[in-house]
Protein chains: 2
Amino acid sequence: MSAQATNNPTSENAGYLRIATEEAWAPIEMLDLYRRMLAKNEGGPGFERLIGHYMTSDAERPRFVRDRLTDLGESRLADMDAVGVDHAVLGLTSPGTQALAPDAAREIATLSNDHLAEACRRYPARFSGLAAVGFEDVPGAVKELERGITDLGLKGLICNSHIRGHYLDEQQFYPILEALEALEVPLYLHPNTPNDIMIGPLAEAGLDGGIYGFAVETGMHLLRIITSGVLDRFPRLKIVVGHLGEGLPFWFYRLDYMHGGQVASKRYEAIKPLQLKVSEYFRRNIWLTSSGMPWAPTIMYTREVVGPDRVMYAMDYPYQYLAEEVRMQDNLPMSSQEKVQFFQDNAIRVFDLDETAISSGRVSRV
Amino acid sequence: MSAQATNNPTSENAGYLRIATEEAWAPIEMLDLYRRMLAKNEGGPGFERLIGHYMTSDAERPRFVRDRLTDLGESRLADMDAVGVDHAVLGLTSPGTQALAPDAAREIATLSNDHLAEACRRYPARFSGLAAVGFEDVPGAVKELERGITDLGLKGLICNSHIRGHYLDEQQFYPILEALEALEVPLYLHPNTPNDIMIGPLAEAGLDGGIYGFAVETGMHLLRIITSGVLDRFPRLKIVVGHLGEGLPFWFYRLDYMHGGQVASKRYEAIKPLQLKVSEYFRRNIWLTSSGMPWAPTIMYTREVVGPDRVMYAMDYPYQYLAEEVRMQDNLPMSSQEKVQFFQDNAIRVFDLDETAISSGRVSRV
């Protein structure tokens, strides 16, 4: 769980900035609220199974996670230094606001954005942040997103998959997607446990979390966004997805073939013609990160099928904090230029990061 | 949908037998029963959504599918000839017996096995078959499996994923797995629509079928079999899975990492230590077929991570009948020897097929 304390051997001479793009944080106020909800059995089975362990266990790993989630200062920076991560793009940890009633969601989003923006201002070389919103109050979400991007300098929007069982392809959420497109910032579609309808058969087998349920839930969410026509309606919407695309790149041929068949048969009411093939949206609207998937075969496969300008580095700190995983990705069978793209340039481009500030941070540490 | 009528240009000179390993059939009696169930709204939403279209639509494709499903003679053989498929391993089409009440399931399994075995005896060069059973009557299933293999010469057992919401990792089914191990024949774990608990959010988006729901359902089923310890209990059990492993090979690193974490945390009651890593069972107990996934990048990736002796050809006739897909796989970037393995030898080995009979069939056709 915890990384080696030694400096990563390649951290100073790698030839690229290591920008980690799916890094989690949480305000203390949100964790306190989560604890109160757990005590009252509020939030549903997915919520309880996702965060109950981290909020209540006294074992080393959950204690480390809940300590580091709330830190936006020295401990986190020291951990980043220890494994050679130059810069972290921070998002509100799952489920974020998305297990909360609308009033609490709005309140947590606002204070999260304020805290996070303050840390980014304090450490511009080391941190960028994604805005949180309370999705169920759509006009409020649009306002808070605009404030987060325009006033606070945040770099995108975090969405921890389902919104108490609802999905972003529902028309009620279109104003949020419209605002993302207008602001030219990406949506980070992050995993959550499956919605409360679907979780049962996964939970009884212990498969509802990071091992499989996250992929089922988040892959379905991304596919719903595509097949519902959202990306035809908002053709400049940018979506970043972790875990190398939640498995969907494995399925490209079949997604295109089956979608074509579904359109032709008119058998499925919700399936309508799209302007592009399903897989083609991955080359126009979607970027993927390597969070939790530091393994060369899968990274190289995914780069092959979506293009090298679409895949970038992530760690998933503090949940998955391993020097070895940084090294595995340093050793990917790519040219030096391709590694710059993977660790640095793709992230700078899609999140519109301040390369000068980030570079100055690295220089000062060498 | 229908293949070109011309002979596949490479069918005579390919240098290998094309053995297709996930080919569907259905006795007329089962389709009649399905129609009666549909008329009475029996069988549940997954059943209705999976086969309602094929049983009732007058469009060309569903008419072709239901006509060819029931044919174990000249039409099917002509279609195989037209695309250069030498031999088909036939299994009862999804959901087979698994949407039926126990008495009907037993009856359909018995008559299916008799019909199928008769066709295999009549065309030993062209057809092999998998036994069907009524899973819910476990002692009856064991007997019918033994009859199917020992008396009728069938080559394995078809399981169309969930058994009215139940999964093979449940201890009630252990006698069936024990019989498979003793008989040294494989289980073919074939897709079905998600169980009735999970199907809702997929169905409302039109994603419950081959485009995504099959993978969610069947990937979960396979993972349940592994993580429940079934393959430690039955270490010589052989499982064949379609669609290149229902997406799980994409997740190997993460499955191993997360499973290790789950075991260490003792956080999930159903997750216990296993003798091997999750991914290692794919190199000991599991074989994969290319049904519905004829695309070179995914086939080559999967071969890389499970080994070339684990991946073999399938077509999914009559659902996916395309000469182009045969050609795509003829053109895979493999050596001639590797193609023999992919199209021919892996299937012969795992299903214990009669190579002499199959070869004689080819010779007589040239």
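Proteins get letters first, then strands, A, B, ... in listed order; numbering begins at 1 in each. Note that this is a predicted model, so its numbers are computed, not measured.
Between A:Lys277 and A:Asp256 there is no salt bridge, since none of the side-chain N atoms of the basic residue sits less than 4.0 Å from a carboxylate O of the acidic one.
In this structure, A:Phe47 has its ring center under 6.0 Å from that of A:Tyr34.
In this structure, chain A has a heavy atom under 4.5 Å from the side chain of B:Gln262, while its backbone stays farther away. If you measure heavy-atom distances from A:Ala205 to chain B, the contacts under 4.5 Å come from both the backbone and the side chain. Interface remark: B:Thr298 contributes backbone and side-chain atoms alike to the contact with chain A (heavy atom separation under 4.5 Å). With a 4.5 Å cut-off on non-hydrogen atoms, B:Ser57 does not touch chain A at all. At a 4.5 Å heavy-atom cutoff, B:Ile199 makes no contact with chain A through either its backbone or its side chain.
Here the options are A:Tyr319, A:Tyr321, A:Tyr54, the test is side chain to side chain donor-acceptor pair (under 3.5 Å), and the partner is A:Arg61; only A:Tyr54 passes.
When B:Thr302, B:Thr227, B:Val278 are compared by the number of non-hydrogen pairs under 4.5 Å with chain A, B:Thr227 comes out ahead. The most heavy-atom pairs under 4.5 Å with chain B, out of A:Met258, A:Met300, A:His53, come from A:His53. Chain B forms the most heavy-atom pairs under 4.5 Å with one residue out of A:Ala264, A:Ala215, A:Ala59, A:Ser228, and that residue is A:Ala215. With chain B as partner, the option from A:Met198, A:Glu269, A:Arg254, A:Met220 having the largest number of non-hydrogen pairs under 4.5 angstrom is A:Arg254. The candidate from B:Ala270, B:Gly209, B:Gly165, B:Gly210 with the greatest count of non-hydrogen atom pairs under 4.5 Å with chain A is B:Gly210. Chain B forms more heavy-atom pairs under 4.5 Å with one residue of A:His243, A:Glu304, A:His259 than with any other, namely A:His243. Of the listed residues (A:Pro201, A:Gly200, A:Gly247, A:Pro297), the greatest number of heavy-atom pairs within a distance under 4.5 Å of chain B belongs to A:Pro201. Top candidate by heavy-atom pairs under 4.5 Å with chain A, chosen from B:Trp251, B:Tyr167, B:Tyr268, is B:Trp251.
A side-chain donor-acceptor contact under 3.5 Å links A:Glu325 and B:Tyr253.
At least one side-chain heavy atom of B:His162 sits under 4.5 Å from a side-chain heavy atom of B:Glu217. A:Arg164 is not listed as a side-chain neighbour of A:Asp196, based on a closest heavy-atom distance of 4.5 Å or more. Between A:Pro95 and A:Leu50, some side-chain heavy-atom pair lies under the 4.5 Å cut-off. Within the 4.5 Å cutoff, side-chain heavy atoms of B:Tyr257 are placed close to those of A:Leu322.
Using the six-membered ring where Trp is involved, B:Phe252 and A:Trp295 have ring planes that are tilted, between 30° and 60° apart.
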